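Only one structure is covered here, and it is reproduced in the block below.
Reminder, nothing fancy here: chain letters follow the sequence lines and each chain counts from 1. Just so you know, these numbers come straight off a predicted model, no measurement behind them.
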2 protein chains.
Amino acid sequence: MNTKIRNTPNIVEEIAERTGIAVSTVYAILADRKSCFASRKLKERVKKLADELGYRPNYIAVSLKKGKTGTIGLIVSDMNAETTLGRLENMTKIAHKDSYHIFVACSYNNPDLEDELLREFYYRMVDGIVIAPARFGHESKFLSKLIELKFPIVSVTCIENVDIDFVSTDYFAGGYMAGQHLLEMGYTKPGFLGPEITTTAVKERFEGFTKVLVDNGYKIDDVNVVLVRNETNQEIEKGSDKLLETGVDAVFCTNDRIALLFMKKAIQKGKKIPEQMGIIGFDDTEVGRMSLIPLTSIRQKLAEATTQLYESLKKKIQGQNQPCKMFIKPELIVRESTKRR
Amino acid sequence: MNTKIRNTPNIVEEIAERTGIAVSTVYAILADRKSCFASRKLKERVKKLADELGYRPNYIAVSLKKGKTGTIGLIVSDMNAETTLGRLENMTKIAHKDSYHIFVACSYNNPDLEDELLREFYYRMVDGIVIAPARFGHESKFLSKLIELKFPIVSVTCIENVDIDFVSTDYFAGGYMAGQHLLEMGYTKPGFLGPEITTTAVKERFEGFTKVLVDNGYKIDDVNVVLVRNETNQEIEKGSDKLLETGVDAVFCTNDRIALLFMKKAIQKGKKIPEQMGIIGFDDTEVGRMSLIPLTSIRQKLAEATTQLYESLKKKIQGQNQPCKMFIKPELIVRESTKRR
DNA sequence: CTGAAAGCGCTTACAG
DNA sequence: CTGAAAGCGCTTACAG
C-alpha cells in the first residue's frame with residue numbers, strides 16, 4: 001500500500017540519501033540547530049545541495065506543527081477611502097517587522113459578507129484579525145462568537161453593543177476642533193453638511209461640532225444642518241445648494257470629498273473662499289491637499305492608531321488579553337479654505 | 001514517550017469518542033463524503049457536536065495535504081497610488097470567487113525588499129504571485145529563479161530583460177492619445193512635463209506623445225519638454241515654471257498630480273484654462289476628477305487588466321503554462337481642462 | 001459501508 | 001552527538 005502522492009519530490013529525503021545521513025539530521029543542519037554537531041564540511045555539503053535542489057522550508061508544515069501561521073487578517077469596509085490604504089500600509093509595515101503577513105479582504109460595508117470573511121479568516125487559521133467594521137447592522141453572530149472564544153481580534157472603531165477592543169479616532173473631538181477653528185477664524189454662521197446620521201463616526205463628528213457651538217453661546221436651532229440621503233455627487237450638490245440658501249458663512253463637512261463639492265457650488269454662487277465662506281473637511285486626503293484652494297481638514301492619526309492596535313493584537317496573540325478601548329484625538333490641519341484672518 | 005503537545009484540544013477525537021465511531025468516520029461525515037453511509041441520525045449528532053464544540057476544519061492541515069494553500073501573494077510597488085488600491089480591490093474581488101485569499105506586501109520600489117518579499121511568499125507556499133515591479137534595478141535574482149522554476153507569477157507591467165508574463169497598460173498608446181487629443185482641441189504648442197525618464201512606463205508615454213506630434217508635422221525640437229529630478233511638489237513647481245516660460249499652450253503630464261500642480265502654476269501666471277492652456281494628466285484619479293477645473297486624463301483599464309492577469313495566473317497554478325504578454329489600450333477621459341472648443 | 005493506516009513536511013523529545 | 005519515532009490535523013486509498 002503506497003498512499004504517497006507527493007506534490008513535489010522531497011528534496012530533504014534526496015539530500016539525506018546523497019549524503020548518507022538521516023533525514024532528521026538534514027533538518028537539524030538546515031535549521032542550524034545548535035545541538036547539531038555535524039562536521040563543518042558535512043554541513044556545508046548539505047546546505048549546498050539544498051541550494052542546488054531549490055529546497056525551501058515548507059511554511060505550511062511548520063505552521064501546522066507550531067499551531068501559528070504568522071498571518072493576520074485585515075478586513076476593511078471599503079476600497080475607496082485613502083484611509084483604507086493608509087491603514088493597510090501601516091499595518092503591513094509594522095507587522096512585517098514581526099514576520100507577520102497580511103491577508104486583505106473587503107466587506108464593502110456588507111455585514112453578511114463581513115461575517116463570511118471573518119469565518120474564512122478563522123478557518124484559515126490566521127493568528128489574529130483587524131477589522132474596520134461594516135457601517136450598519138452589527139448583530140454579526142460570528143463576530144460575537146470570535147469574541148466569546150477570545151480569538152485575537154481588534155477593531156479600528158468602537159462597535160455599538162459589541163464588547164470588542166478598539167483603537168479609534170476621537171470623532172467627537174474632531175467635530176469639536178472643526179467648529180472651534182471656524183469660530184476662531186471669525187465665522188459667525190457655521191453649518192454642517194454630511195450624510196444622514198446612521199453611524200457613530202458621523203454622529204460624533206456632529207455632536208462634537210454642535211457642542212462647541214453651544215459652548216460658545218449658540219443655540220442648536222441656530223445651527224444650519226443639511227443631511228444628504230447618500231454620498232453621490234448629485235445628492236451632495238443638492239445638499240450644498242440647500243445649505244448655501246440658509247446663509248451660512250462657514251461649513252464643516254464630514255469628509256473632504258463632500259467639502260470640495262460644496263466648495264465648487266459655493267464658488268459657482270459667487271462666494272469668495274475663504275473670505276465669504278470657510279470650509280473644513282475631514283480626513284486630510286490628497287484631494288483636499290491638491291485642491292486649487294487647499295482644504296482645511298481634520299487629520300486622523302492613522303499611524304499611531306494602527307501601531308496601538310497592532311500592539312494590542314500582538315499581545316492577544318501571545319495570550320495576554322489586556323482590554324484595550326482607546327480613542328485618539330485627531331489634529332487640525334489649517335489650509336487656505338478657512339484662512340480668513 | 002508522549003510527544004503530543006496539542007495547541008488545542010482535538011475536537012474530532014472528542015466527537016469520535018463521544019459517539020463511539022472512528023475518527024476517520026467523523027471526518028467523512030463532516031466533509032459530507034458521499035461514500036459515507038452513516039445513518040442520518042448519527043450524521044446529525046456528529047454535526048451538532050462539532051458545532052457545539054466549535055470545530056473548524058484546519059485549513060493549514062488541508063493545505064499541507066493538498067499541496068495548495070488557496071493563497072495568492074500580491075506585491076505592490078507603492079502604497080500611495082490610487083491605481084494600487086484599484087488593483088488590490090479588483091484582485092481580491094476576482095480571486096475571492098475562486099476562494100483565493102490575498103497576501104499584500106509593498107516593495108516601496110526597493111528591489112532588495114522586493115526580492116525578500118518574493119522569497120517570503122515563496123516560502124509561505126502561496127499558489128501564485130502577482131507583482132507590480134519596483135521601478136528600478138531589475139536584476140532581481142530571485143525573480144529570475146522563480147521564473148526558471150516555472151513558479152506561477154505574473155506582472156502588471158513588462159519588465160526589461162526579464163521573461164515574465166504580464167498584462168500591462170499600453171503606455172505608448174496612452175501618450176499618443178493624449179497628444180492627439182491636444183491637437184484635436186486646436187492647441188498648437190504642446191509640451192511635456194514629467195520625471196526624468198528612467199522607467200519604461202514613462203518612456204513610452206513620452207514616445208507615444210512625441211510620435212503623434214511628429215506624425216502631424218512637428219519636429220522633435222519644436223516640442224518643449226521639461227523633466228524633473230523627482231516628483232516632490234517643489235521640483236514639479238519649478239518644472240512647471242520652466243515649462244510655462246517656453247510658451248506652451250498645452251501640456252501632457254505623466255500623472256494627474258503633476259498635472260494639477262502645473263495647473264495651479266498656470267493659473268497663478270494668469271492663464272485661462274482651458275482657453276489659453278490645455279492640460280491632460282494620466283491615471284484618471286480622484287484628485288483630477290474633483291479639481292475645481294476637472295482634469296482631462298488617460299484612464300488605465302485596471303479591472304480588465306487585472307482580470308486578464310488573474311486568469312493567466314490561475315492557469316499557471318493549474319499547470320497550464322500559456323505565455324501571456326499583453327498590452328491593453330487605455331482610454332481618454334475628456335474633462336474641462338482641455339475643452340477649448 | 002466503516003475504519004485503520006499511511007502520508008503531507010516539518011519539529012521535538014528522547015533513546016542509543 | 002545522531003537518528004528513529006511520534007505527532008500537528010487532515011485526506012486518500014484500501015483492507016475488511
Q. In which ranges does DNA chain C form stems of 3 or more consecutive Watson-Crick or G-U pairs, distances under 3.5 Å?
A. C:1-3 with D:14-16, C:5-12 with D:5-12, C:14-16 with D:1-3
Q: Check the distance between D:dC1's P and A:K43's NZ and give it to me in whole angstrom.
A: 10 Å
Q.
Heavy atoms only, 4.0 Å cut-off, all strands: where does B:A22 land among base, sugar-phosphate and nothing?
A. sugar-phosphate
Q: Tell me which of B:I60 and B:S24 sits closer to the 5' end of DNA chain D, going by the nucleotide each one is nearest to.
A: B:I60
Q.
Is A:R33 close enough to C:dT11 that one of its side-chain N or O atoms is under 4.0 Å from OP1 or OP2 there?
A. yes
Q: Output yes when at least one side-chain N/O atom of B:T25 is less than 4.0 Å from OP1 or OP2 of C:dG3, else no.
A: yes
Q: Calculate the interatomic distance between B:I11 atom CD1 and D:dC10 atom P; express it in whole Å.
A: 9 Å
Q. Under a 4.0 Å N-O cut-off, is there an ion pair linking A:K93 with A:E89?
A. yes
Q: Please name all residues satisfying side-chain hydrogen bond (donor to acceptor under 3.5 Å, both in side chains) with A:Y123, sequence neighbours left out, ordered by chain then number.
A: none
Q) Can A:K48 and A:E52 be counted as an ion pair, charged N to O under 4.0 angstrom? A) yes
(Q) Quick check on D:dT11: is either OP1 or OP2 less than 4.0 Å from any side-chain nitrogen or oxygen of B:Y27? (A) no
**Q.** Salt bridge A:K66-A:D127, side-chain N to carboxylate O under 4.0 Å
**A.** no
Q. Is any NZ, NE, NH1 or NH2 atom of the basic residue among B:K145 and B:D115 found under 4.0 Å from an Asp or Glu carboxylate oxygen of the other?
A. no
Q. Would you call A:E44-A:R40 a salt bridge at under 4.0 Å N-O?
A. yes
Q) In terms of the nearest nucleotide of DNA chain C, which residue is placed more toward the 5' end: B:I21 or B:A61? A) B:I21
Q | Whichever of A:S39 and B:N58 has its nearest DNA chain D nucleotide further upstream toward 5' | A | A:S39
